[in-house]
Amino acid sequence: MSLRIANAAGFWGDWTLAPRQLLETTEVDFLTLEYLAELTLSIMARQRNKDSASGFARDFLNVVDQIAPVLKRQSELKLVTNAGGLNPHACAAALGKQLSECGLGDLPIGVVAGDDLIDQIRDKQGAGYDHFDTGQPLEDRVDRAVSANAYLGAQPICEALQQGSRIVITGRVADASLTVGPAMYHYGWDWEDWNRVAAASVAGHLIECGAQVTGGYRTDWRDCSLTKIGYPIVEIDHDGQLVVTKPDGSGGRVTRQSVIEQIVYEIGDPAAYYTPDVVVDFTTLEVAALGDDRVAVRGATGNPRPETLKVSLAYADGYQASGQLLIYGRDCIVKARIVADLIRERLGLEGIELESMNIELLGAGDGVPGLTSPPTDMREVMLRISAFDHRREALEAFAKQFAPLITNGPAGLAGYAQGRPVVRATYAYWPTVVDRDNVTPTCKVQTAEQWNQQRT
Amino acid sequence: MTETTCLLGSIATARSGDKGNHANVAVIARSQAGYRYLEQVLTAERVAEYFDLLDVGEVKRFELPKLGSMNFLLIDALAGGASQSLRIDTQGKLLGTAILDLPLPTPVNLDEMRAVDYP
């Protein structure tokens, strides 16, 4: 029997019904839940600054609440998730409380941490953390850094499973490692058996974005129903050969095309896909449809893991706001440009010139600039104006320019009912690397009740 | 004689996403004949020209012949990327759909390329 690993969350905000629907319609050995995009941790940093017991993906608690009956019924089912975000111990404590209250206080929860490097980087004044692409030094930005996390690999996850965890909560780990950890734990492969580690990483890459491999975001999306789309399951055999599938009777489709579209999603050089566990070569893969929403993926190869770990750092960098107005009439394109000018000119009356402003005429082809011209007979267009500035007050003034236009601007404007544009802090993304020697992954396993007693 | 054109979308599918401030646009041929044709005509230069107004720094092409697909990396195409771009499409999600409208010279065996011929 192959190892079956499913994924029911591809990002923080994915479909809330997915985990329960999956577990109620099929049996798997592991369920993974992925919550951390590049900048999610900067949002969590802000939350933790306000409340030391927050800073993790709280949605995960709701998921466990929904699937608790399955956890009780299937004693072999295990969960692996990066829901811990910037505060995995607080996540475990909150989960420990919840599980204790529903009779699962004995359940072992493992926490993987050690990815958070912000203190270390501040201590070093940012020295040695140059931008990965541009080579620029971090030093003059380090005082604005809000989060900095290394992408840990699968080894501490595997360790947490070996110590008996039924739920493993991590901070930042490579998305694919959520799958690699269970595969290594199950089969006991050598960590330097690069082709098998690569196969497990391909398995993780295939399911980490949830339904994107089972019919979502697919070019040929019209040939199936998406309402009850099935979230993905990858079967990994003892030799590292894979089958991608989904629960019987669910919506969506798994085809050769859906699988290849996901293999090539968000990659650079396909011959060298870097993870903390292995450098994967996707060009040796072979994909073949087996029928019935089952697709085989074979031939993964890998090269030794990199000596450095990727670090995702975010620093505060100004503010953004974005407002929209629907512009109606035969002259809508011209009128939209005049409305945008009015906003700019009225800001000028207050002595404000914004650092940058982007004007988009949605419906007229601005979704991808330059590919189409507006149709000649357009009757309406959505004007979207987005602005950036380092001064919050300048953007507050910008946000106040939209509503007055309904009464003191041209005829034929609508859509202010959604309210004044919200000014939000923005963070710049700073990819960098760190030597493995400077990162110490940790792993702690104890029962839900024990975590509960450590709540702050 | 004027050259007739067909759209890339008649012989391939596509998917796009972000890598920081870079966009990745992958194109997957429906047939083996289609892939061989795309290898010749869907050059990095042609893709760069098509997305000219995105202010792309450079386009790199990578091939995956066993998967009948190629990956285009559009350097600095996202005007700041997910966190800072002022565009509605902060992460380049539309580029996959958009590249399917790229016009190509009509190949003589277009019908063969339209059909899926992989197992």
Side-chain angles (χ1 to χ4, degrees), chain A residues 37-39 42 132-133 209 212 217-220 255-271 282-290 299 314 317-318 320 322 324 356-360 362 366-372 382 384-388 426-431, chain B residues 9 12-30 49-55 60 62-73 75-77 79-102 116 118-119:
Chain A
E38 276 165 358
L39 285 156
S42 57
F132 184 75
D133 288 327
C209 295
Q212 279 196 182
Y217 195 26
R218 175 165 157 261
T219 306
D220 294 335
T255 67
R256 182 177 191 278
Q257 208 81 20
S258 82
V259 168
I260 294 179
E261 284 190 12
Q262 191 56 23
I263 288 174
V264 292
Y265 177 67
E266 290 185 350
I267 65 170
D269 179 356
F282 287 123
T283 66
T284 58
L285 291 175
E286 292 175 28
V287 176
L290 306 174
D317 187 32
Q320 273 188 21
S322 182
Q324 297 188 3
S356 59
M357 212 161 143
N358 189 36
I359 296 159
E360 293 169 297
L362 305 182
D366 280 355
V368 183
L371 294 191
T372 57
M382 185 67 97
R384 179 177 188 268
I385 308 179
S386 309
F388 168 84
T426 55
Y427 299 95
Y429 172 61
W430 185 271
Chain B
T13 71
R15 179 168 293 190
S16 59
D18 62 322
K19 297 282 289 176
N21 192 31
H22 313 319
N24 112 286
V25 185
V27 174
I28 302 106
R30 291 191 184 277
E49 192 185 334
Y50 184 67
F51 288 123
D52 183 39
L53 287 183
L54 285 180
D55 294 325
K60 293 181 185 174
F62 301 97
E63 291 108 34
L64 300 93
K66 288 188 167 183
L67 302 181
S69 58
M70 45 185 67
N71 183 37
F72 295 92
L73 196 61
I75 304 294
D76 293 331
S83 59
Q84 292 181 296
S85 169
L86 295 179
R87 293 182 189 153
I88 190 154
D89 185 18
T90 52
Q91 287 163 281
K93 296 281 184 193
L94 305 182
L95 302 178
T97 302
I99 201 172
L100 296 177
D101 287 333
L102 186 150
V116 178
Y118 289 100

Chain A contact via [X] - side chain, backbone, both or neither, heavy atoms under 4.5 Å:
X	result
B:Leu73	side chain
B:Asn71	side chain
B:Phe72	neither
B:Ile75	neither
B:Lys60	neither
B:Ala29	backbone

Go through A:Thr426, A:Ile263, A:Leu371 and name the one with the most non-hydrogen pairs under 4.5 angstrom from chain B.
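Ranked by heavy-atom pairs under 4.5 Å with chain B, first place is A:Leu371.
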Leading residue by heavy atom contact count with chain B [cutoff under 4.5 Å; candidates A:Leu39, A:Ile260, A:Thr283]:
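That would be A:Ile260.
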Considering all heavy atoms, the nearest [X]-[Y] contact:
X	Y	result
B:Ser83	A:Ala428	OG-CA, 4.3 Å
A:Pro369	B:Leu53	O-CB, 3.7 Å
B:Phe51	A:Val368	CE2-CG1, 4.1 Å
B:Asp89	A:Gly367	CB-O, 4.1 Å

Heavy-atom cut-off 4.5 Å, strictly under: side chain, backbone, both or neither for [X] against chain B?
X	value
A:Pro431	neither
A:Tyr427	backbone
A:Ile385	neither
A:Ser42	neither
A:Ala387	backbone

Charged N-O contact under 4.0 Å between B:Arg30 and A:Asp220:
yes
Look at A:Glu286 together with B:Lys66 and state whether they make a salt bridge at an N to O cut-off of under 4.0 Å.
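Salt bridge: yes.
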Out of B:Glu63, B:Met70, B:Lys93, which one racks up the most heavy-atom pairs below 4.5 Å with chain A?
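That would be B:Lys93.
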With a 4.5 Å cut-off on heavy-atom pairs, point out which of B:Leu95, B:Leu94, B:Asp18, B:Thr97 contacts chain A the most.
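Among B:Leu95, B:Leu94, B:Asp18, B:Thr97, the one with the most close pairs to chain A is B:Asp18.
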Enter the distance from [X]:[atom1] to [Y]:[atom2] here, rounded to the nearest 0.5 Å.
X	Y	atom1	atom2	answer
B:Leu67	A:Arg256	CG	CZ	6.5 Å
A:Glu38	B:Gln91	CD	CD	8.5 Å
B:Leu86	A:Gln320	CG	CD	5.0 Å

Any side-chain to backbone donor/acceptor pair from [X] onto [Y]? Under 3.5 Å, distance only.
X	Y	value
A:Tyr217	B:Ser16	yes
A:Thr219	B:Ala14	yes
A:Glu360	B:Ile88	yes
B:Arg15	A:Glu266	no

Is B:His22 close to A:Asp133 at the side-chain level, that is, under 4.5 Å between some pair of heavy atoms?
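Yes, side chains in contact.
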Under a 3.5 Å threshold, yes or no: a donor from one side chain and an acceptor from the other, between A:Glu261 and B:Thr13?
yes
